[in-house]
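Both ligands and their constituent atoms are indexed starting at 1 by order of listing. As the structure is a computational prediction, the values presented were derived from the model and not from experiment.
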Amino acid sequence: MTRVLDGNAVGDRIRDDLRDCIDTLEREGVTPGLATVLMSDDPASETYVSMKTRACEDLGIESVHRELDSSAPAEELFDTVEALNGDPSVHGILVQMPVPDHVDKRRVLRSIDPRKDVDGFHPENVGRLVAGDPRYKPCTPHGIQKLLAAADVDPEGEDAVVVGRSEIVGKPMANLLVQKAPGGNATVTVCHSRTDDLAAKTREADIVVAAAGVPEMIDGSMIAEGATVIDVGVNRVDADTEKGYELVGDVDFESAEERAGVITPVPGGVGPMTITMLLYNTVKAASLQAEVPVDLP
Ligand code: NDP
């Protein structure tokens with residue numbers, strides 16, 4: 001019997017525990033604060049930011065939002081980040097990616113105070129993750145680690161294949177799975193667009209994390225019987241729906257479900273965990289900056 005993991009349910013449980021942490025902080029006069037910065041006309045980016053802001057408000061995290069014209073000079077963005085770095089009521093800063101082409105993305109990541117970098121993309125935080133001393137784990141792979149734990153899937157000793165090597169999903173996922181730490185200790189293979197015979201790799205895996213951004217590229221024939229399949233992909237494909245499209249993952253759910261032991265759906269799998277772990281990192285940031293210990297879930 002294949003188990004379909006419910007990211008909403010696992011995320012809700014973590015959010016409940018985060019509420020207790022926020023109560024602890026409030027008792028010490030600290031309200032966690034997240035700043036979101038948007039410099040884009042892309043409707044998807046606008047939707048992501050408003051989802052994050054709403055999730056903060058629902059939980060009791062203060063949210064501030066800064067919006068810049070996408071044609072504004074890059075310096076305006078850096079000035080905005082600098083002001084937020086200096087604002088003690090802001091514990092976490094998130095600049096929604098992608099930024100316009102005229103803005104140096106790597107400089108944006110470096111400009112955020114690493115103590116407020118709740119996405120975990122500042123080079124200092126990336127380095128700490130790789131060194132096995134993470135401050136903020138990037139939200140999507142961290143959420144996947146929590147989902148696996150909630151499903152009692154322990155990566156220790158397992159063969160894991162991560163499909164994708166992006167800075168935000170693939171690489172940090174591989175790093176977390178290979179760490180000598182709880183939720184890690186897997187033997188990890190990282191695949192990408194130049195990988196030869198991907199199916200041969202995924203077929204050998206106990207755990208497959210699909211993060212390529214290619215609709216339904218991993219089907220049942222590429223999955224070992226009983227494997228755990230985590231689908232990160234969120235892809236728009238044309239469909240006869242009101243909106244004219246539907247969202248599908250990187251995994252062909254129907255055929256993969258027949259072989260997998262555990263599988264995540266799209267939507268309702270990894271997505272809700274990503275936002276939950278952003279809230280987690282913001283609460284952690286407030287706790288670290290205010291020096292008020294909390295019992296993080
Ligand atoms: P990127 O486009 O940054 O990276 C995709 C990676 O997949 C690259 O490393 C690329 O290889 C690799 N790849 C592309 N095509 C293939 C292929 N045919 N075979 C093997 N590898 C391939 O994407 P992201 O990491 O940002 O996102 C991946 C997916 O996850 C997207 O659908 C995105 O929307 C979704 N996503 C979902 C989130 C959630 O919360 N659910 C959060 C973040 C992302 P190469 O390096 O060689 O180009």
Side-chain angles (χ1 to χ4, degrees), residues 4-8 10-11 14-15 36 40 42-52 54-55 94-99 105-106 109 118-121 126 136-148 160-177 188-205 208-219 221-223 229-237 245-253 256 263-281:
V4 180
L5 301 186
D6 182 347
N8 283 304
V10 176
I14 295 175
R15 288 181 204 208
T36 50
S40 165
D42 173 25
S45 290
E46 285 170 16
T47 306
Y48 287 139
V49 167
S50 66
M51 281 166 71
K52 290 166 186 174
R54 214 171 36 242
L94 179 152
V95 178
Q96 183 64 43
M97 295 291 164
V99 286
K105 177 189 154 195
R106 289 188 189 278
L109 300 182
V118 284
D119 263 338
F121 299 150
V126 175
Y136 304 120
K137 296 180 184 177
C139 302
T140 300
H142 192 191
I144 292 169
Q145 223 179 16
K146 293 283 186 193
L147 256 184
L148 291 173
V161 167
V162 178
V163 185
R165 57 175 165 184
S166 71
E167 312 300 325
I168 65 167
V169 189
K171 278 187 198 165
M173 183 77 256
N175 266 313
L176 286 177
L177 286 169
V188 182
T189 304
V190 183
C191 300
H192 43 76
S193 67
R194 316 289 166 90
T195 294
D196 186 29
D197 200 355
L198 177 69
K201 314 269 188 305
T202 56
R203 242 182 251 127
E204 292 295 312
V208 176
V209 180
V214 181
E216 300 178 329
M217 63 172 284
I218 299 201
D219 64 22
S221 73
M222 299 168 73
I223 301 293
V229 179
I230 304 293
D231 190 355
V232 186
V234 180
N235 310 293
R236 261 186 196 195
V237 293
Y245 67 86
E246 63 178 350
L247 295 179
V248 300
D250 287 356
V251 175
D252 173 35
F253 187 85
I263 191 165
T264 61
V266 175
V270 172
M273 294 302 295
T274 296
I275 296 194
T276 301
M277 301 325 288
L278 173 68
L279 304 172
Y280 177 107
N281 280 349

Sub-4.0 Å heavy-atom environment of ligand 1, residues by chain: T140, V163, G164, R165, S166, I168, V169, H192, S193, A211, A212, G213, V214, M217, V232, G233, V234, N235, V270, G271, T274
Pairing residues for F121 by the ring-ring contact (aromatic ring centres under 6.0 Å, His included) criterion, not counting sequence neighbours: none
The single option from I218, V190, T195 passing side-chain contact (heavy atoms from CB on, under 4.5 Å) against V163: I218
Set of residues satisfying side-chain contact (heavy atoms from CB on, under 4.5 Å) with respect to E216, sequence neighbours excluded: V248, D252
Main-chain N/O of C139 paired to D119 side chain as donor or acceptor, under 3.5 Å: no
More than 12 heavy atoms from other groups under 6.0 Å of NZ on K105: no
Let me check something: any side-chain donor-acceptor pairs from residues 167-176 under 3.5 Å, sequence neighbours excluded? List them with distances.
{"residue": "E167", "atom": "OE2", "partner": "K171", "partner atom": "NZ", "Å": "2.9"}
{"residue": "N175", "atom": "ND2", "partner": "K171", "partner atom": "O", "Å": "3.4"}

